[in-house]
K.L.:
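The structure that follows is given in the form of structure tokens.
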Amino acid sequence: MFTVPGGWVSTETEGGRADVLGPKVARAWLTGVIATIATFPVTRALAADDGVRAVPNMFAPVSAPAESIRELSFLVLGISAGIFVVVSSVLFWCVYRYRQKPGDDSEPPQVYGSNPIEWAWTIVPILIVLVLFLATARTINELQASEAPPNALKVTIVGHQWWWEIRYPDLGVVTANELHLPVSSAGAQRPTYLALESADVIHSFWIPQLAGKTDVVPNRHNRMWVEPTETGTFLGQCAEYCGTQHAKMLLRVIVHTPQEFDRWAAAQRQPASSDASVAAGRAVFQNTACVNCHTLDGTIADGRFGPDLSHLMSRTTIGAGAATNTAKNLRAWVDDPHQFKPGVLMPAMKLDDPQLDQLTAYLLTLK
Ligand code: CUA
């Protein structure tokens, strides 16, 4: 017997691993839990500062599918909590009631087999699983069977390593990483139906306050819908590991009033800036490899490997949420995007300082 640092007593011989790992794992777990709880107000405050309504939270739904999912999760949590309370109460009661008492060294009676008990613990779990299965199947079916009403907004989302391409086929709008939607109200319902595609590997599209996760699979057309009932900005992210920068494949959903949404869409349909004062920057853009990967209205650039830049400055972040979209960050991003997002598929463009200044000045006009 020896004592592990931290005061835990182990009965393992020296060299045993599990006994040493136990307290370490417990400490790491406890630190994680405390850190998460302690930083929650900070993450909330940061999100609030940014004009963002709330941190992603599936228990605060503002859209029909997310509401059904919350109801289902309460049912599952309720049943699980009931089982937990019953099992742990019986366990603790047995441990206390039948503990060894001083002076009582006799062996307790050994009981084998009991048909009523065995039937009970076979049938009750089957019934519980059946209830959970039927409730889940009903919710899934309700969400999947929903047909798009004629006035629904249609959006195509294409997952890329590591950003989201967003296309509005009926509106002629293409953007990236920031999904703009109209709010749906009792008098004017306007759900959004999303077609999900992937350009490379499997991603998963998830905005906890609006709907559940849906995988985005190459060569497969998945569908989902949302119907936000409150305006504001909601955060989402890729929820399926898809490579080095999976963590920085973030998504913002901006829910507008119908009028604001129409204004936004009209602005996105405007031709990109052709400001003569930044002609030098536009020339830098058109003479470098930028044009192979990006699309920019009114230039020769028509690549789809990277985000459409026609209205770059209407977005609040760059690099799918890797940095805020400021002049300083934009210049640094073009200089070397890997400093924000190591492993990103955009190369450092190796431009000199005057070229970087000219190009940044041009990008800043793309409102
Ligand atoms: Cu895309 Cu993870």
Side-chain angles (χ1 to χ4, degrees), residues 32 36 43 46-47 50 52 54-58 63 65-66 69 143-144 154-169 173-181 192-226 228 233-255 292-295 303-309 312 315-325 329 333 336-348:
T36 309
T43 41
L46 278 177
D50 206 7
V52 175
V55 289
N57 179 358
M58 63 162 285
S63 161
I69 290 169
L143 295 181
Q144 289 190 341
K154 297 215 169 54
V155 181
T156 301
I157 307 280
V158 186
H160 291 256
Q161 282 177 319
W162 292 281
W163 62 282
W164 301 99
E165 178 181 342
I166 300 171
R167 310 182 83 88
Y168 299 74
V173 169
V174 180
T175 184
N177 305 321
E178 296 183 9
L179 174 61
H180 291 254
L181 302 177
T192 298
Y193 279 70
L194 300 153
L196 302 172
E197 295 167 14
S198 170
D200 37 49
V201 300
I202 300 178
H203 305 273
S204 184
F205 184 85
W206 191 32
I207 316 141
Q209 270 135 312
L210 302 189
K213 293 173 192 170
T214 306
D215 275 6
V216 180
V217 182
N219 297 318
R220 208 188 136 82
H221 295 275
N222 281 347
R223 286 162 18 106
M224 64 180 280
W225 61 284
V226 296
T233 298
F234 303 98
L235 301 177
Q237 64 188 83
C238 180
E240 178 82 44
Y241 181 72
C242 56
T244 310
Q245 280 301 344
H246 157 70
K248 284 187 183 156
M249 187 163 169
L250 305 174
L251 179 75
R252 269 162 195 255
V253 182
I254 301 100
V255 179
N292 296 335
C293 294
H294 295 283
T295 292
R304 275 185 68 180
F305 200 64
D308 187 305
L309 300 178
L312 172 66
R315 307 203 280 259
T316 54
T317 64
I318 48 176
T324 48
N325 191 6
N329 283 346
W333 174 273
D336 183 8
H338 298 255
Q339 58 189 308
F340 295 96
K341 201 167 171 177
V344 62
L345 300 185
M346 172 171 161

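In what follows, every heavy atom counts, from backbone to side chain, and hydrogens, waters and symmetry copies are set aside. None of the values given here were measured: they were computed from a predicted structure. Indexing begins at 1, ligand by ligand and atom by atom, following the structure's order.
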K.L.:
Counting no waters, how many protein N/O/S atoms sit under 2.8 Å from atom 1 (Cu) of ligand 1?
P.N.:
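With waters ignored, the protein N/O/S count below 2.8 Å is 4.
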K.L.:
Checking side-chain contact (heavy atoms from CB on, under 4.5 Å) between Thr175 and each of Glu165, Arg315, Arg167, which is the one that passes?
P.N.:
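One option only clears the test, and that one is Arg315.
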K.L.:
Just jot down the ring pair (Phe, Tyr, Trp, His ring centres under 6.0 Å) partners of Trp333, sequence neighbours excluded, or say none.
P.N.:
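Result, ring pair (Phe, Tyr, Trp, His ring centres under 6.0 Å) vs Trp333: Phe340.
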K.L.:
Of all the heavy-atom pairs spanning Lys341 and Ala320, show the shortest one and how long it is.
P.N.:
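Scanning both residues, the minimum pair turns out to be NZ-CB, 3.8 Å.
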K.L.:
Which of these, Leu345, Asp200, Thr295, sits in a side-chain contact (heavy atoms from CB on, under 4.5 Å) with Phe305?
P.N.:
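Among Leu345, Asp200, Thr295, the one that satisfies the side-chain contact (heavy atoms from CB on, under 4.5 Å) with Phe305 is Leu345.
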K.L.:
Is Ile318 close to Asn325 at the side-chain level, that is, under 4.5 Å between some pair of heavy atoms?
P.N.:
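Yes. Closest side-chain heavy atoms under 4.5 Å.
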K.L.:
Evaluate the criterion side-chain hydrogen bond (donor to acceptor under 3.5 Å, both in side chains) for residue pair Thr156 and Glu197; output intermediate values, then yes/no.
P.N.:
CA-CA 8 Å; Thr156 301; Glu197 295 167 14; 5.2 Å; no
